[in-house]
*Asks:* 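Below: one structure in structure tokens.
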Protein chains: 2
Amino acid sequence: MKKKVSIKDIAQTVGVSTALVSYVLNNKEKEARVGKEIAQVIRDTAVEMGYQPNQIAKSLKTGKSHTFGLIVADISNPFFANLARNVEDEAKKFNYTVIFASADENAEKSQNLINILTERQVDGFIIAPAENSQDQIEALLKNNIPLVLIDRYFKGLDTNYVVTNNYEASYHAVSHLIAAGKTNIGMVAYKTDLVHMLDRKRGYLDAIKDNKLLKAKTPLIKTVDFNANQEEIAVGIRELFAQNPAMDALFFATNTLTLKGLKSLNKMQYRVPDDVAIVCFDESEAFDFFYSPLTYIEQPLLEMGKKAVQILIKNIADKKSLNTQISIPSKLIVRQSSATVKKD
Amino acid sequence: MKKKVSIKDIAQTVGVSTALVSYVLNNKEKEARVGKEIAQVIRDTAVEMGYQPNQIAKSLKTGKSHTFGLIVADISNPFFANLARNVEDEAKKFNYTVIFASADENAEKSQNLINILTERQVDGFIIAPAENSQDQIEALLKNNIPLVLIDRYFKGLDTNYVVTNNYEASYHAVSHLIAAGKTNIGMVAYKTDLVHMLDRKRGYLDAIKDNKLLKAKTPLIKTVDFNANQEEIAVGIRELFAQNPAMDALFFATNTLTLKGLKSLNKMQYRVPDDVAIVCFDESEAFDFFYSPLTYIEQPLLEMGKKAVQILIKNIADKKSLNTQISIPSKLIVRQSSATVKKD
DNA sequence: AACTTAAGCTTAAACGTTTAAACAAACAAG
DNA sequence: CTTGTTTGTTTAAACGTTTAAGCTTAAGTT
């Protein structure tokens, strides 16, 4: 086993001080006025000896790890996995390394992850914050740690964030259902006070109100727990139908809700879109294969990932920079599941 | 902004040396014979001052980063995203942090990632190796860097690895199709020499041979590029049908191939399983929603992730330990797409 | 009383870098 | 030739830890 070669080893073989080697390998020859010939020798020997800089030592000295943490709910959820991939790619362009972590919508886990990553001296965070994690975010801000919220944010907190236009997208999606002739539209969402979810509900509600569809039996919103299984969702849907047997459309607030919801509808023998039309927030590969291809809201994952990284890196470079708060529009992809269909 | 508090700060406020603080905070009081009372004072002050150890400094001193790299093809692919999640969870149990990276089945990117992570002083790697990356793996071995291959491995290389029983699973899946009465079975796979893919092909082929179904028109294997789009897969399938119009079943080698393949079949108006039965390797949420729920091979992702981490950590602790090579069985989940159906 | 042992603590070097400051030699200018 | 400037190089401290080795005092053992 070969020992790792350090700057000292190179210095020794070339016969110069470590300072010179450092200057050359960091392309600071100009500022440091290093001789042209010796610079070349140093460079060559470095290659010859297979030198790989020790980033840990570098970080310790410079106080920058060129690493940041990405905390999401669950990296195995396609929404976050795709986001993560886009973040990874964009980060690489800036020579940054990303450490992903899953907090499972759990504030305690989230705090734990923040601690671990802070100890690892990450230069900043991109976080899809869990409920009740507001104080954790505030603490980071107080410690002047660069940070960008993604997917969700906190109303009262002045932070960087990158989200999609949850309210408008929902409003638009529900309006689309109404335009298709649906008059009793239900919604299945998560039970949480996170802004993105509240916005989606508001969008639903306002669309209904603005179209004078707010009757005794509406709004038809059912909220379930983040870790609700399929059975609980089936129960929720059954309750919605009980509340208003005329329900002719369902708006699902996320892709996981949709997947479980569709399976439930299948089991209950409801037909889409004849018995009930469907629109949902976020996408899934599975939607293409549902017998009635789903109408869904496509989130701008690529843009969100890119922007978040760019904002974070700007913020790391200039900690005094003003907060950037952007909302990137989503797109409604209309397909069969929300089509106008003549009932009997 | 508060300055970060170091061991030195604690030492100063308590009025002791940094050594004492270090011993106490690392629970080495016994070995270092630290006084009971002062130890408590140190502990209390550390908490009071909000001390967070600097892992970077720790790593530099100890030579261990308590971090490892996980290199997969693409973190946004559900197969790898799920694997990643399991790896993350298991690693956390050992207080290890994971850095994920996507190599896109590209040896050059893979080498680049290995370099970056090596510079970051990861203690080891879990790698789903790309084609032509064998020499990169060999180089790591030569440098005595702990490493576990996952999903795939190299025949000639003595490394740790954790895979599923690709050959047997494929053999079993194809035998199942044969048992269901299919006699002209095609296969769509990736064009690569990676062992896992070769094994899946061998399994297919042997099942056909052993059942005396090897005729002039078989084997019906079509291979496509890793980044093949749907159109190319459609072409492949069309060619298979051209080669043998009697083809009555298709075996797809991965989930991405399946998804694109199913879309192609839909476009070409083939019905599953009546016109063509389907079985595929690996799963996807989408398979539940295909009109004819898919029969698939379920890989033991949880076990694979766990085992890989355990082996890696054992190897990090004891670099001389013998290589562990395990193959965890997959499970065939039989559903409608491979059902026996009377034709005409 | 003289010596050993134990207990409790400090010193200081080291990990692999970066970088300001000091130094030395060569050259230019008066 | 002094003095100043430029060019090329070294010195050494620092980043926040760990840990072997050393030091001091008190307590035990003859």
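Throughout, protein chains are lettered first and strands after them, A, B, ... in sequence-line order, and every chain is numbered starting at 1.
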*Asks:* Quick one: ring pair (Phe, Tyr, Trp, His ring centres under 6.0 Å) pairs with a partner in residues 128-159 of chain B, sequence neighbours left out?
*Replies:* Tyr153(B)-Tyr161(B)
*Asks:* What is the per-nucleotide protein-contact pattern of nucleotides 10-21 of chain D, from the 5' end, where B denotes a base atom under 4.0 Å from a protein heavy atom, S denotes such proximity for sugar-phosphate atoms only, and - denotes neither?
*Replies:* BB--BBBBBBB-
*Asks:* Send over the distance from Glu31(A) CD to dA21(C) C1', rounded to a whole Å.
*Replies:* 16 Å
*Asks:* Mind running side-chain hydrogen bond (donor to acceptor under 3.5 Å, both in side chains) on Ser110(B) and Gln136(B) for me, showing each step along the way?
*Replies:* CA-CA 8 Å; Ser110(B) 162; Gln136(B) 301 169 17; 2.6 Å; yes
*Asks:* Taking Asn160(B) for its side chain and Leu147(B) for its backbone only, find out whether a donor-acceptor pair lies under 3.5 Å.
*Replies:* yes
*Asks:* Look only at the side chain of Ser102(A) and the backbone of Ile75(A), and say whether a donor-acceptor pair between them is shorter than 3.5 Å.
*Replies:* yes
*Asks:* Only distances under 3.5 Å count here; give the side-chain donor-acceptor pairs of residues 18-27 of chain B to other protein atoms, sequence neighbours excluded, each with its distance to 0.1 Å.
*Replies:*
unit_1   : atom_1 : unit_2   : atom_2 : d
Ser22(B) : OG     : Asn26(B) : ND2    : 3.4
Asn26(B) : ND2    : Ser22(B) : O      : 2.8

*Asks:* Between the opening five pairs and the closing five pairs of the helix from dA1(C)-dT30(D) to dG30(C)-dC1(D), how far apart are the helix axes, to 10°?
*Replies:* 70°
*Asks:* Please write out the pairs of protein N or O atoms and N or O atoms of nucleotides 23-25 of chain D separated by less than 3.5 Å, giving the distance to one decimal.
*Replies:*
none

*Asks:* Give Ile56(A) one of three labels, base, sugar-phosphate or nothing, depending on what nucleic acid heavy atoms sit under 4.0 Å from its own.
*Replies:* nothing
*Asks:* From Thr159(B) OG1 over to Leu149(B) CG, what is the distance, rounded to the nearest 0.5 angstrom?
*Replies:* 4.0 Å
*Asks:* Treating Thr67(A) as the side-chain partner and Ser65(A) as the backbone partner, does any N or O pair qualify as donor plus acceptor under 3.5 Å?
*Replies:* yes
*Asks:* Would the distance check show the side chain of Asp318(A) and the main-chain N or O of Lys314(A) forming a donor-acceptor pair, the cut-off being under 3.5 Å?
*Replies:* no
*Asks:* Should the pair Glu88(A)-Arg85(A) be classified as a salt bridge under the 4.0 Å nitrogen-to-oxygen rule?
*Replies:* yes
*Asks:* Only counting residues at least two apart or in another chain, list the ones meeting salt bridge (charged side-chain N to carboxylate O under 4.0 Å, His left out) with Glu105(B).
*Replies:* Arg152(B)
